[in-house]
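Step one of this worksheet: look at the structure below.
As the structure lists them, so they are numbered: ligands from 1, and atoms in each ligand from 1.
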Amino acid sequence: MLVKDYKPILMDGAYKKGEWTLENYLKKGGYEMAKKVLAMPRDPATNNVPAMIDEVKKSNLRGRGGAGAPASMKWGFFDFKSKKQRYLTVNCDESEPGTCKDRVIVTYNPHLLIEGMLIAMHTMGIENAYIYIRGEYVVEFEHLVAAVAEAYKAGYLGKNVLGSGFNFQVTPHRGAGAYICGEETGLLSSLEGDRGYPKIKPPFPVVEGAWRCPTLVHNTQTLSLLPSIVRQGGETWAKLGPQKSPGPMVYCLSGHVKNRGLYEAPMLITMKELVYELGGGIQDDLALKAVIPGGSSMPVMKYNGSYVGTDGKEKTDSLDMQMDFDTLLANNSLLGSAAVIVMHERTCMVSACYNLVRFYHHESCGQCTPCREGTGWLEKLISRIYHGKGKPEDVDTLMSVAGQMSGTTICLLSDSCAMPVGAFVTKFREEFKYFCENGKSMVKDAIPL
Ligand SMILES: Cc1cc2nc3c(=O)[nH]c(=O)nc-3n(C[C@H](O)[C@H](O)[C@H](O)COP(=O)(O)O)c2cc1C
Ligand code: SF4
């Protein structure tokens, strides 16, 4: 099997009791890469470490928070000229349905994240960092706080870290259970003590972020990959996986597979290998119907036949599709947070779509009319169909409402609701039509919502 010989970096020690401690991390050579980077001189003009910025560029590391933006591009836009305080913020909000990859790092490998943060902080001349962690993550938060305390006690955090003359402060901060606080500007609003409202960009956080100061926001996984980049060197690291999507990814496999769970693999893995080899195939040996490939906001893939695309052409989705950023994009979907949600033949796509629309309506912060009203109208329409009162024209109305919700709002939550609805209706139109015409699902023995 493709990933048989791959040795996990992010999930190293996962699910082993007591593995997360500093003592264990040091036994594995922990913090040696941070020491290496701390020995690199900072450029006095910019107060950053150009050699390390270059290494990240060579690695072609892409952010694991959803968009897959190159980390070096974000670092390149950082306002090094500003005389203000600089901040690093770790995004561990992870509230996208199906996504649970960051919690395994903070629970079982928190020092890997702290080491990655130290590397980023020294490289970017940052002294203060926050880890914004999802409010519902109680045990995860406890492990994180304990690990941060250990790092302070051992001199890896605090003043004059390891005699470098630099100070590094890290503060874990719990959210309060709002999906929108995972959006970077919503996260920063919440961190500042305000309501978690996203802000219009530009300015981007790297120019004006926390307390209007330059702020680097990265996903937990992105920062946790930095020690491995230092260890291997950017060029070697870039060779793991496809050229444009290098490095490992933690896939969160959920839904109707036999072996649900987290699987760390290079992005060479295909959908088929994920579902049938790692996932062990479909529950009760039923037929595969559909897969949402990257968290609930990403367009669904159809595996029980062809469909007519929005361009009027007949299409089929391939199970041999490689699970990397660019291949998913080329297949009209996105890798997002790599949360792979599998649905078998007894899944009613109207009820699945209703389920996820309710989530987005509930989580819309309400600032923008297309999102506030659009998510509400989508929920009302699908609810009407689901409860047997749909009208034949409702299917087109769904597409029309979704079509007006993209690209017109402060943040991407609106698109995150419109995109999957558009894909569900386009690819499973016959199910929506049947429900409207007959007041019930066309799926035999459909599993209840
Ligand atoms: C509605 C919404 C929710 C988001 N939730 C998360 C999240 O839980 N975790 C995360 O890392 N990024 C999330 N993002 C993406 C962040 O805004 C940001 O792009 C990311 O943290 C950048 O990290 P990266 O550069 O390491 O990918 C979300 C974006 C949107 C629009
Ligand atoms: S798109 Fe939705 S969630 Fe984002 S700022 Fe606008 S109303 Fe809030």
Side-chain angles (χ1 to χ4, degrees), residues 56 61-78 88-103 105-106 113 116-117 120 130-137 175 177-191 195-201 204-206 209 215-226 247 249-250 252 294-298 325 334-339 359-376 378 404-420:
V56 170
L61 170 67
R62 294 176 71 169
R64 301 313 203 234
S72 65
M73 189 172 78
K74 197 181 268 189
W75 295 24
F77 286 125
F78 196 87
L88 169 71
T89 307
V90 181
N91 195 338
C92 191
D93 193 58
E94 161 151 287
S95 309
E96 173 99 352
T99 312
C100 47
K101 65 184 170 49
D102 297 339
R103 69 187 298 192
I105 297 172
V106 288
L113 169 64
M117 291 174 71
Y130 294 90
I131 306 170
Y132 191 100
I133 178 164
R134 178 181 174 156
E136 294 92 334
Y137 281 176
Y179 171 63
I180 197 54
C181 291
E183 195 283 334
E184 56 188 6
T185 57
L187 182 156
L188 295 173
S189 302
S190 166
L191 185 68
R195 188 179 273 230
Y197 276 158
K199 300 185 192 93
I200 290 176
K201 294 181 266 190
F204 289 91
V206 281
T215 305
L216 186 67
V217 183
H218 269 306
N219 173 258
T220 305
Q221 208 181 112
T222 314
L223 290 162
S224 303
L225 287 168
L226 291 177
M249 179 60 105
V250 175
C252 322
S296 60
S297 54
M298 302 308 159
F325 292 113
L334 292 160
L335 182 59
S337 57
F359 170 80
Y360 287 103
H361 181 212
H362 184 263
E363 298 299 325
S364 165
C365 84
Q367 285 189 93
C368 320
T369 308
C371 176
R372 184 185 62 243
E373 300 299 319
T375 53
L378 287 179
Q404 294 170 65
M405 289 169 63
S406 295
T408 54
T409 51
I410 296 172
C411 86
L412 286 174
L413 187 140
S414 191
D415 303 62
S416 303
C417 181
M419 267 191 314

How close does the nearest protein non-hydrogen atom get to atom 3 (C) of ligand 1, and which residue and atom is it?
Glu183 N, 3.7 Å
For atom 18 (C) of ligand 1, what is the nearest protein heavy atom, given as residue, atom name and distance?
Glu184 OE1, 3.7 Å
Return a yes/no value for Tyr179: is any of its N or O atoms, backbone included, closer than 3.5 angstrom to an N or O of ligand 1?
no
Could you tell me whether the side chains of Lys199 and Ser189 share a donor-acceptor contact shorter than 3.5 Å?
yes
Closest protein heavy atom to atom 25 (O) of ligand 1, given as residue, atom name and distance to 0.1 Å:
Lys74 NZ, 2.8 Å
Hey, could you give me the CD1/CG distance between Ile131 and Leu113, rounded to the nearest 0.5 Å?
5.0 Å
Name the closest protein heavy atom to atom 15 (C) of ligand 1, giving the residue it belongs to and the distance to 0.1 Å.
Gly65 O, 3.7 Å
Ligand-side contact atoms (ligand 1) for residue partner Gly63, heavy atom cut-off under 4.0 Å:
24 (P), 25 (O), 26 (O), 27 (O)
Result of checking Ser297, Ser337, Ser416 against Glu96 for side-chain hydrogen bond (donor to acceptor under 3.5 Å, both in side chains):
Ser297
Ser416, any N or O under 3.5 Å of ligand 1 N or O
no
Output yes when a side-chain donor or acceptor of Gln367 lies under 3.5 Å from a complementary backbone atom of Tyr197, and no otherwise.
no
Between atom CG of Leu378 and atom SG of Cys417, what is the distance when rounded to the nearest 0.5 Å?
5.0 Å
What are the protein N/O/S atoms, named by residue and atom, that sit under 2.8 Å from atom 8 (Fe) of ligand 2?
Cys365 SG
Numbered in order shown, the ligand 1 atoms found under 4.0 Å of a heavy atom of Asp93 are 8 (O)
Find all atoms of ligand 1 within a distance of less than 4.0 Å from any non-hydrogen atom belonging to Leu412, and give their numbers and elements.
31 (C)
Any non-hydrogen side-chain atom of Leu88 less than 4.5 Å from a side-chain atom of Leu223?
yes
Pick from Leu413, Thr375, Thr369: which one makes a side chain to side chain contact (heavy atoms under 4.5 Å, CB included) with Met405?
Thr375
Is the backbone of Arg64 close enough, under 3.5 Å, to the side chain of Gln221 for a donor and an acceptor to pair up by distance?
no
Does Glu96 come within less than 4.0 angstrom of ligand 1, counting non-hydrogen atoms of the residue?
no
Ranking Val90, Ile180, Asn91, Asp102 by closest non-hydrogen atom to atom 20 (C) of ligand 1, top hit is Asn91
Min over Ser414, Gly182, Ala69 of heavy-atom distance to atom 16 (C) of ligand 1 lands on Gly182
Could you tell me whether Ala67 approaches ligand 1 through its side chain, its backbone, both or neither, with non-hydrogen atoms closer than 4.0 Å?
neither
Is the closest side-chain donor-acceptor distance between Ser296 and Tyr360 under 3.5 Å?
yes
Using 0.5 Å steps for rounding, measure from the OG atom of Ser95 to the CD atom of Glu136.
6.0 Å
Atom 23 (O) of ligand 1: the protein heavy-atom neighbour that sits closest, reported with distance to 0.1 Å
Asn219 N, 3.2 Å
Side chain or backbone of Thr222 under 4.0 Å from ligand 1, or both, or neither, by non-hydrogen atoms?
side chain
Under a 3.5 Å cutoff, is there a donor and acceptor pairing between the side chains of Tyr132 and Ser190?
yes
Could you check whether any side-chain N or O of Glu94 sits under 3.5 Å from a backbone N or O of Lys101, counting only pairs where one atom can act as donor and the other as acceptor?
yes
Return the CD1 to CD distance between Ile180 and Glu363, rounded to the nearest 0.5 Å.
8.5 Å
What is the minimum heavy-atom distance between Asp415 and Pro420, and which atoms define it?
O-CD, 4.1 Å
Using a 4.0 Å cutoff against the non-hydrogen atoms of Ser95, which atoms of ligand 1 qualify?
8 (O)
Assess Cys411 for proximity to ligand 1: is some non-hydrogen atom of it under 4.0 Å away?
no
Considering residues at least two apart in sequence or located in another chain, which fulfil the side-chain hydrogen bond (donor to acceptor under 3.5 Å, both in side chains) criterion with Asn91?
none
Do me a favour and list the nearest non-hydrogen protein atom to atom 8 (O) of ligand 1 with residue, atom name and distance?
Glu94 N, 2.9 Å
